[in-house]
Peer 1: 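Input: one structure, supplied below.
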Amino acid sequence: MHAPNNYDCPFCKIVSNQFDGIATNETDLLFRTEFLTAFISSHQWPNNPGHAIIIPNEHHENLYSLPTEFVIPIHAASVKIALAFKNAFACDGVSTRQHNEPAGGQDVWHYHQHVFPRYQADNLYGSKRLRVDDQARASQASSVRQALGEVEGI
């Protein structure tokens, strides 16, 4: 395990509706089920607005400790968000990624799956992520929630 002693997990706070008003707000939420919570990230890549994060509602540090009962719901949520991105943002494609341990790029010690809207020549992997203001995130989340209503199963 890589989390420091007494780790104050920001994702556990989101699951328990403790929004700090800095990194995450209630308006960032896309949906919640018994297994997971999905929300618009406060940090996004410049050419890929609408980056979503899916987290299990239970704290599990990484893929190695994630119980199998979370795998299908998280993957199903990734599919639904990807389909919603196609409707909400008219994106050309979608990417997902997930990081484990420092060498794997993990920097929050709670398992999480990223879902990105993608566009031709968007340079996602060659650009740096930036903080997105509250209003832009709220607008993105609203568009995705509306599009999710058109995707069966949420």
Peer 1: Checking K86 side chain against C91 main chain: does a donor-acceptor pair fall under 3.5 Å?
Peer 2: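 Present.
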Peer 1: Under a 3.5 Å threshold, yes or no: a donor from one side chain and an acceptor from the other, between Y64 and E101?
Peer 2: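 Result is yes, a qualifying pair exists.
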Peer 1: Working note: N57 + R32, criterion side chain to side chain contact (heavy atoms under 4.5 Å, CB included); need CA distance, chi angles, decisive distance, verdict.
Peer 2: CA-CA 9 Å; N57 291 338; R32 181 172 288 150; 4.1 Å; yes
Peer 1: Considering non-hydrogen atoms only, spot the tightest contact between P117 and P49 and give its length.
Peer 2: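 Heavy-atom minimum between the residues: CG-O, 3.0 Å.
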Peer 1: Do P56 and L36 come within less than 4.5 Å of each other through their side chains, counting heavy atoms only?
Peer 2: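 Side chain of P56 against side chain of L36, heavy atoms only: no contact under 4.5 Å found.
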Peer 1: Is H110 reaching over with its side chain to a backbone N or O of E61, donor-acceptor style, under 3.5 angstrom?
Peer 2: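 Checking the backbone N and O of E61 against the side chain of H110, no donor-acceptor pair under 3.5 Å is found.
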Peer 1: Establish whether V132 and L30 are linked, either directly or via other cluster members, by ILVMFWY side-chain heavy-atom contacts under 4.5 Å.
Peer 2: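 No, V132 and L30 fall in different hydrophobic clusters.
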Peer 1: For residues Q113 and T96, determine if any side-chain heavy atom of one lies less than 4.5 Å from a side-chain heavy atom of the other.
Peer 2: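 Side chain of Q113 against side chain of T96, heavy atoms only: contact under 4.5 Å found.
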Peer 1: Does S139 use its side chain to pair, donor to acceptor, with the backbone of A136 at less than 3.5 Å?
Peer 2: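 No, the answer is negative, given that no donor and acceptor are paired below the 3.5 Å cut-off.
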Peer 1: Is V144 linked to V94 within one hydrophobic cluster, defined over Ile, Leu, Val, Met, Phe, Trp and Tyr using a side-chain heavy-atom separation of less than 4.5 Å?
Peer 2: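 Shared cluster, yes.
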Peer 1: Classify the ring geometry between H114 and H112 as parallel (under 30°), tilted (30 to 60°) or perpendicular (over 60°).
Peer 2: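 Perpendicular, since the angle between the ring planes exceeds 60°.
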Peer 1: Report yes or no: do D122 and Q120 form a side-chain donor-acceptor pair below 3.5 Å?
Peer 2: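 Side-chain D/A pair, D122 to Q120: absent.
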Peer 1: My understanding is that a hydrophobic cluster links ILVMFWY residues whose side chain heavy atoms are under 4.5 Å apart, including indirect links. Using that, what else belongs to the cluster containing F11?
Peer 2: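 Besides F11, the cluster holds Y7, I14, V15, F19, L29, F39, I53, I55, V108, W109.
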Peer 1: Taking atom types as modelled, is there a side-chain donor on H60 or E58 under 3.5 Å from an acceptor on the other?
Peer 2: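 H60 vs E58: donor-acceptor pair found between side chains.
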Peer 1: Hey, are the side chains of V71 and L66 touching, using non-hydrogen atoms and a 4.5 Å cut-off?
Peer 2: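 The answer is yes, as the side chains (C-beta and beyond) meet within the 4.5 Å cut-off.
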Peer 1: Strictly by modelled atom types, are Q140 and Q44 linked by a side-chain donor-acceptor pair under 3.5 Å?
Peer 2: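 Indeed, the side chains of Q140 and Q44 share at least one donor-acceptor pair under 3.5 Å.
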Peer 1: Please report the closest heavy-atom contact between A82 and V115, naming both atoms and the distance.
Peer 2: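 Between these two residues, the closest heavy atoms are N-CG1, 4.3 Å.
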Peer 1: Hey, could you give me the OG/CG distance between S143 and N87, rounded to the nearest 0.5 Å?
Peer 2: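 One finds 11.0 Å between OG of S143 and CG of N87.
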Peer 1: If we ignore hydrogens and angles and just use 3.5 Å, is the side chain of T37 paired with the main-chain N or O of T33 as donor and acceptor?
Peer 2: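 No.
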Peer 1: Are F85 and L148 connected into the same hydrophobic cluster when the rule is that any two of I, L, V, M, F, W, Y join if their side-chain heavy atoms are below 4.5 Å apart?
Peer 2: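 Same hydrophobic cluster.
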Peer 1: May I ask you to check whether over 12 heavy atoms, not counting those of H2, lie within 6.0 Å of atom NE2?
Peer 2: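 Correct, the count exceeds 12.
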Peer 1: Under the salt bridge (charged side-chain N to carboxylate O under 4.0 Å, His left out) test, which residues partner D107, sequence neighbours left out?
Peer 2: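 Listed in chain order: R129.
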Peer 1: What pair of heavy atoms forms the shortest contact from R137 to T24, and how long is it?
Peer 2: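 Nearest heavy atoms, R137 then T24: NH2-CA, 4.1 Å.
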Peer 1: Tell me if the CG atom of L130 is crowded by more than 12 foreign heavy atoms within 6.0 Å.
Peer 2: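 Above 12, so yes.
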Peer 1: Are more than 12 heavy atoms, taken from residues, nucleotides or ligands other than Q135, located less than 6.0 Å from that residue's CD atom?
Peer 2: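 Not more than 12 within 6.0 Å, no.
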Peer 1: Looking just at side-chain N and O atoms, do H43 and H51 make a donor-acceptor pair shorter than 3.5 Å?
Peer 2: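 No, no side-chain donor-acceptor pair sits under 3.5 Å.
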Peer 1: Write down the atom of Q106, the atom of N62, and the distance for their closest heavy-atom approach.
Peer 2: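 Taking every non-hydrogen atom into account, OE1-CB, 3.7 Å.
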Peer 1: Between Y111 and F70, is there a side-chain heavy-atom distance shorter than 4.5 Å?
Peer 2: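 Heavy-atom side-chain distance check fails, nothing below 4.5 Å.
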Peer 1: Any chance you could measure I54, atom CD1, to S78, atom OG, to the nearest 0.5 Å?
Peer 2: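 Those atoms lie 3.5 Å apart.
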Peer 1: Could you tell me which non-hydrogen atom of Y119 sits nearest to which non-hydrogen atom of A90, and how far apart they are?
Peer 2: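 Shortest heavy-atom separation between Y119 and A90 comes out as CE2-O, 3.9 Å.
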Peer 1: Heavy atoms only: give me the nearest A138-D28 pair and the separation to one decimal.
Peer 2: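 That closest heavy-atom pairing would be N-OD1, 4.3 Å.
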